[in-house]
Trainee: 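Please read through the structure below; I'll follow up with questions.
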Amino acid sequence: MADKNYKLGTKLIHAGVHPDPTTGAIMTPIYQTSTYVQAGPGDHKGYEYARTQNPTRTVLQNALAAIENGKYGLCFGSGMAATDAVIKLLVPGDEVIVSNDLYGGTYRIMTKVFANYGIKFHFIGMHDVHNISRHINDKTKMVWIETPTNPLLNVIDIAGAAAITKKHNLTLVCDNTFASPYLQTPLDLGADIVLHSATKYLGGHSDVVHGALIMNDAGLEERLRFIQNSCGAVPGPHDCWLVLRGIKTLHVRMQRHCENGKTIAHYLRSHPKVGKVLWVGFEDHPNHDIAKRQMRGFGGMISFTLKNDNIEDALAVLKKTQLFSLAESLGGVESLIGHPATMTHGSIPREQRIANGLGDSLIRLSVGIEDVDDLIEDLKQAIG
Ligand SMILES: *Cc1c(COP(=O)(O)O)cnc(C)c1O
């Protein structure tokens with residue numbers, strides 16, 4: 001289909017998908033095969049070996065490209081496998097400028113894996129993107145951002161960062177896991193590579209681990225596809241099918257995540273025991289203007305502290321919620337609650353974590369799509 005001509009809600013259901021040529025099956029089959037029979041050596045239908053190509057994966061890759069307004073999609077076994085592939089574009093001596101408030105696993109692969117291969121990462125505040133320019137030198141090859149950030153819900157100006165990376169001929173990578181293409185399409189704003197942990201909103205049902213990259217540049221796609229095949233961190237066809245099924249309802253789910261998120265953010269803000277509430281939709285959010293410009297909604301991710309900032313009290317809240325399950329991850333239909341300092345961000349040293357504004361008592365919510373009245377009742381009894 002001519003993907004560009006349809007609106008997102010239509011693309012989520014139809015883009016890249018076609019009736020199965022062998023039977024007409026409307027839902028993309030799970031091609032559970034490792035290889036493909038050739039009529040003669042090299043005489044095949046574009047499929048040789050399933051690490052290299054799989055029809056279920058091809059459909060998902062095309063669908064992901066379409067919904068991110070990109071030309072090419074590449075799928076991986078996890079968000080971290082996608083991250084790993086992007087960093088493998090670099091060689092020893094190269095430098096990367098990274099937003100200092102980011103997913104703990106991304107920080108870990110950079111500092112504990114790729115730093116050992118001679119790649120240097122500078123973690124800096126990007127509240128004002130002009131800060132990026134000050135760290136660019138002739139070894140800089142890439143700028144890596146996540147927005148909104150996890151778990152502090154900071155917002156980084158994607159178009160502003162892109163203006164800087166274009167001027168210096170650097171690759172801009174944007175982790176769009178938190179926003180999803182429903183809320184934000186970074187390629188439209190000048191990013192070169194969009195990265196997803198499809199484990200989160202794209203999959204949406206907490207039943208699959210999956211990663212994806214989307215881009216417009218054919219040369220970049222070729223290099224990343226080479227890495228995808230050479231390093232082999234590819235997803236199985238069943239996982240691709242689950243993500244394909246998940247994205248068909250992304251718009252409907254995100255709409256409810258946003259509504260519930262807004263109601264809960266305001267509820268928390270009015271609660272006498274709650275300290276700071278971090279949510280992108282508040283007018284007094286430090287980068288609300290940028291959020292309004294680059295996002296189409298504000299999502300269901302909320303972090304908050306308790307007024308007394310007591311870690312024991314915070315942990316007690318986590319124990320008491322019944323609908324909000326205590327778990328890592330986010331973006332599923334069910335609400336989750338977490339404690340970044342001991343969970344997702346446990347791998348970041350305490351001094352650095354606190355310096356970045358992620359305190360001991362911070363609680364993070366991934367607001368699901370349950371009835372919001374029940375979610376509020378649950379928080380009410382847990383916070384007390
Ligand atoms: C979860 C997550 C990742 C890592 O993805 P996995 O699928 O868990 O490997 C990367 N970035 C962000 C923002 C995430 O939330």
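Start at 1 and go down the list; that is how both ligands and their atoms are numbered.
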Trainee: Evaluate the ring planes of His271 and Tyr267, with Trp represented by its six-membered ring, and classify them as parallel (under 30°), tilted (30 to 60°) or perpendicular (over 60°).
Mentor: perpendicular

Trainee: Answer yes if the side chains of Gln228 and Gln61 hold a donor-acceptor pair under 3.5 Å, and no otherwise.
Mentor: yes

Trainee: Ignoring hydrogens and geometry beyond distance, is a side-chain donor-acceptor pair present between Thr342 and His339 at under 3.5 Å?
Mentor: yes

Trainee: How close do Thr147 and Asn176 get, heavy atom to heavy atom, and via which atoms?
Mentor: O-OD1, 4.4 Å

Trainee: Side-chain contact, heavy-atom cut-off 4.5 Å: Ile302 with Arg364?
Mentor: no

Trainee: Using a strict cut-off of under 4.0 Å between a residue heavy atom and any atom of ligand 1, list the qualifying protein residues by chain and number.
Mentor: Ser78, Gly79, Met80, Tyr103, Glu146, Asp175, Thr177, Ser197, Thr199, Lys200, His210, Leu330

Trainee: Write down the atom of Tyr31, the atom of Pro237, and the distance for their closest heavy-atom approach.
Mentor: O-CG, 3.4 Å

